[in-house]
Each structure stands twice: as C-alpha cells, then as structure tokens.
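Heads up, the thing below is written out as structure tokens.
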Amino acid sequence: MKPALAVVALAFAASAARGQSDLQGIWSNATITPLERPNDLAGKATFTREEAAAYEKQVVDRNNVDHRSKNAELDVLYGYNDFWWDRGTKVVGSRRTSLIVDPPDGRIPQLTPEAQKRVQQARAWTAEHATDGPEGRSLAERCILWTTAGPPMLPGPYNNNFQILQTRDRVVILSEMIHDARVIPVDGSPHLASNIRQWMGDSRGHWEGNTLVVDTTNFSDQYSLRGSDQNLHLTERFTRLSPDTLLYEFTVDDPTAFTKPWTAQIPVTRTKGPIFEYACHEGNYAMVDILAGARAAEAKGSK
Amino acid sequence: MKCRLLVVLFAAQIVFGQAARDLEGVWTNTTITPLERPSEFAGKQFLTPEEAAKYERETNQRNDADNRESNPEADVNHAYNQFWWDRGTKVAAGLRTSLIVDPPDGRIPPLTPAAQKRMQEQFARAREHSTDGPENRSLQERCLMWPTAGPPMLPSFYNNEYQIVQSKDSVAIIVDMIHDVRIWTAASGEQHPAMDGRSTRPVGTEHARGGYNELH
C-alpha cells in the first residue's frame, strides 16, 4: 500500500472503529403534527397533499393568537402575542396524522387499571391541594421539568430546539426548554443503581450501525409522561438521514402504567444557532401570585 | 526523515491528535484555599508545609458542622450536619495563601468610585425592598445563578464538581451547582451575539479559541 493511501485508510479505520455518524448541531422538532391522532382523523394514518395543506392552514389560523377577540378580558388572557409562539406551521414530511406510529391507531395505549387509579388519585389530590404550597403546582410551573423538554423531546409551543454535542464516549443533549442538559455515556457503562432516581432518569447510549440508541431508566416517581410511573423505560433512536435531517424515534415501555408500549417518530431539522439561555424562574410571577392569591382568599375566609 | 516515518507520524496525529488537549472528565475544584488572601497572611504568598497543615487543621475544625453548640437554637441553625458539606479539607497544591495570584497581594482590587456607588445603591435598595417580590431576592434564591457555579467556577461549600465534554468543534461544561451547562463554540470564527440588551444572558455567551493545551 502506498504511504499516502495508508494514511487515508488509517484515518477512515479510526472513524469506522468508533461506529458513529455525526449527529452534532442545533436541531428543531417544531411541527404542528400532534402526538396523538385527533379523533376526527380516526382510521386515517396519513394526509394527502391537499389534506395536509388544508390542515396546516386551519391549524395555523387557529393558533394565531394575534386574532383579536371581541371580549377584552378574553383578549388579555391570550398573554403572549403571536411573535412569542413558535409552534411551527407544517405537518411532518411523511404527512402522518400523528407522531405516534405504533400502535397503528396513533393513540397512547390505555393505562392499566392500577395506573388509572393512581392518576385519578393524583388529580384528586391536586384539585384539593393545588394552592397549599409550591409542591401542589406542576413540575413545569416549578421550573423543575418541562413536559416537552425530554426525555423524550416533543414539539411544544416554543423553544423546540436542542443542541447535540458528541464525542467518542459521550453525547450531550441540551434542550432549549428549561435549559437542561443530559450527558449520556456511550461507553458501555451500566445504568445507575436502581435506588438512585432522577428527574430526567439515567440515560445510557450505544450505537446500532449509524443509529444512536439511548436507553433511559431510573426516573423519579414524581415524573410522569402521560401516566407513566417509576418503571418507565424509554428508548430513543437518533438517525442522521441527510445533512439537515435527523429521525428521532422513541418507544415508551412501562408495563405497570400502559397496557402496551408505544412509539413515536419525529423528523428533526437543522436550524441556525445559537440557542439562547432559558432562565425559567426569571420573571416567574405566576407561582408567587397564585399562592399569594390563595393566602389572601384564606385570610378573607373565602377559599 | 524517511517517508515511511512521516506517514506514521501523520497517521498518529490524525488518530491521537486530540490527546494533547483532552480536557474531558469529571473534575472538582474543592479546596479550602480562599479566593482572597486572609489578612493574617498579608505579605505572605505561600505557606510552608507545616503552616499548611496547621491552617488545614484549624479551618477543618472551624468548618465542622458536627461541632455541637451549647445553645440549642444556634445548634439547630447549623441546618445541615457535616455529611452534607463538601468544602474540601486541603489547601491547593502549591500552598498559595489565596487563589488570586494577581495582584500579588492576593486581594480583589478596590472597585472604581462609580462601581462603589452602584453597589451602595443596590445594597440600600435590597435592604429596603428585600421582600417586595421575587425579583428582590438574590439570583441564587431564585435559582437563576449561583455565584460559584460560574463563569468563573469557584470552590464553594458543596457541589464543586463539573464535567467537561469536548468534541472537535465544541466544549460543554456542566456544573453540579444548579445544573447549568455552557456550550462553547470553539475556534469557529463566530462572533458573540450582539450586546443589544435583548440577547445578553445571565451566564453570558462563550466562544472559545483553543491552543494545544488551553482554551480561552
């Protein structure tokens, strides 16, 4: 072998030995395709082009909060004007009517009877104690977790961006929403001991061909993804489809919560950075106002 | 030099070239060496090994939250027992008496008159309005920033760990304290965002340039 060819071959061999494709960059999962298939689209897995265009027009129009209401009070309740929202304007490229691809009905499977009971009890407790103290408020209001920030990462009303940084042994995923980062070992190391529970679980990655597969377990029992419990086992798959597209898939497996696993696919597109910092508690008057309002109502004896 | 040797050296650079500046890992900056030189060490840049041992013994004794007070109220005010603190027990290698190496007196230089005035006004306002609303509380009470979490990262009483993940183009630093992450874009030639008041961030924005053994 010629020396120059040997150099090139050695460089390629080093890269191939790592078995990694490049996932790095800043990505957006903004789309108006809903996670679950809407009832009015039951039985319809994909739109035609014309149906997709009509759906986009209808949803974008409905989402536009710059439509003024005749009722001034209702108008003020819109809070942000449309500048601040970033829901996306397009359905996914496959024109699927839901991000969930399995089960085939595009809906989250039913909760088990035990999980239904748990969720009902949690709702009843919240209804009774919603303003007792900060613990009665949602994790999102408390700036602990945001339901779309992940894992798994889902399209939300804004801040649908995340940045991936990748080395041989680690992958970092920084979600814009709430500004949390996961550092995922991709070195074959085992999960944390089962008694260590974290808000975002414990993620471990490995490569299957050009796909990064991330297993996450050890979730806190205070975290719930659509009814999941501490036995949630989440599997995420990241595959680079083109220079500007990643396919992000995840499977939710939690036999004590759901009657069967469910899987979603979200195409993710490259976007221009940088991601600016998200300081969740900055300007967070709602928590103080809610609790102060409740205390004032109690003082007046009018809870 | 023989051609074959050149090839081997070039190949080694491709495969192992990053090793010279590998900053990756989980790190701690725990130390009981103070940021500023204590007045008792004025004019003394370094401790002798014996002085360092004495300083460590005295500081660790003073820091030990398991020392019980005779006054129960003061005792309860210790809040955490020693298990929860992680201040370190050793002075920094080199036995300096302060982490500040410049100016040579190991002290933060005096504020300018304008900055002194600004600080005094802030203190006065904080005293007068400390409980008016959340924005009057400190940034750490509001979980926005912690003064030791960085930048710059400073030793503190616990959560002195940070993890560096480093790729070809970027470096991420995840700080244990408050769980914030900074991602630097290294040597990309990108500019900082405009300082127009809308894009400033509590922990700033970072663009790095790397030499073989250091990042700026």
Side-chain angles (χ1 to χ4, degrees), chain A residues 1-15 17-18 20 22-26 142-144 163-175 178-186 198-200 272-289 292, chain B residues 2-18 22 24-26 132-135 137 139-145 163-175 178-186 188 190-193 198-207:
Chain A
M1 191 180 284
K2 295 280 187 188
L5 190 57
V7 170
V8 174
L10 186 52
F12 271 111
S15 173
R18 293 196 286 271
Q20 301 180 358
D22 187 1
L23 306 177
Q24 294 200 109
I26 299 176
R142 297 161 66 192
C143 288
I144 290 176
Q163 181 169 7
I164 297 179
L165 189 154
Q166 173 185 353
T167 70
R168 189 187 60 186
D169 298 327
R170 297 279 185 277
V171 172
V172 179
I173 302 177
L174 168 66
S175 280
I178 304 207
H179 192 225
D180 263 330
R182 275 191 286 165
V183 181
I184 303 165
V186 192
Q198 305 194 117
W199 291 111
M200 296 169 73
K272 188 170 162 47
I275 292 180
F276 292 107
E277 193 174 66
Y278 183 99
C280 187
H281 277 296
E282 190 173 11
N284 182 8
Y285 301 102
M287 173 69 75
V288 173
D289 290 348
Chain B
K2 295 281 190 186
C3 180
R4 189 162 296 180
L5 180 57
L6 271 176
V7 167
V8 171
L9 288 174
F10 183 39
Q13 177 64 22
I14 291 172
V15 179
F16 303 112
Q18 298 301 315
D22 183 3
E24 288 211 334
V26 181
D132 288 5
E135 53 288 298
R137 307 307 305 170
L139 294 183
Q140 62 262 40
E141 282 184 34
R142 298 161 66 193
C143 286
L144 292 175
M145 285 198 76
Q163 182 170 12
I164 297 179
V165 179
Q166 173 186 0
S167 72
K168 187 181 66 177
D169 303 309
S170 303
V171 177
I173 300 183
I174 294 91
V175 182
I178 303 205
H179 190 227
D180 261 333
V181 62
R182 279 188 289 159
I183 297 185
W184 288 330
T185 307
S188 64
E190 289 179 24
Q191 300 298 307
H192 283 284
R198 287 170 296 175
S199 54
T200 54
R201 312 191 287 183
V203 299
T205 180
E206 297 81 21
H207 291 272

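Below, chains carry the letters A, B, ... as their sequence lines are ordered, and counting in each starts from 1.
- B:Ser167 and A:Gln24 are linked by a side-chain donor-acceptor pair at a separation below 3.5 angstrom, with hydrogens and angles left out of the test.
- Here the CG atom belonging to A:Leu174 is positioned 4.5 Å from the CD1 atom belonging to B:Ile183, to the nearest 0.5 angstrom.
- How far CD of A:Glu282 is from CG of B:Leu139: 8.5 Å, rounded to the nearest 0.5 Å.
- The heavy-atom pair separating B:Val165 from A:Arg170 by the smallest distance is CG1-CB, 3.9 Å.
- To the nearest 0.5 Å, atom CG of residue B:Leu144 and atom CD of residue A:Glu277 are 9.0 Å apart.
- Remark: A:Ile26 engages A:Gln163, A:Thr271, A:Ile275 in a side-chain contact (heavy atoms from CB on, under 4.5 Å) (not counting sequence neighbours).
- The heavy-atom pair separating B:Gln166 from A:Thr167 by the smallest distance is O-CG2, 2.8 Å.
- Closest of all the heavy-atom pairs between B:Gln163 and A:Val183 is NE2-CG1, 3.5 Å.
- If you take NE2 on A:His281 and CE on B:Met145, they are separated by 15.0 Å, rounding to the nearest 0.5 Å.
- With values rounded to the nearest 0.5 angstrom, A:Gln166 atom CD is found 10.5 Å from B:Lys168 atom NZ.
- Atom CZ of residue A:Arg168 and atom CD of residue B:Glu24 lie 9.0 Å apart, to the nearest 0.5 angstrom.
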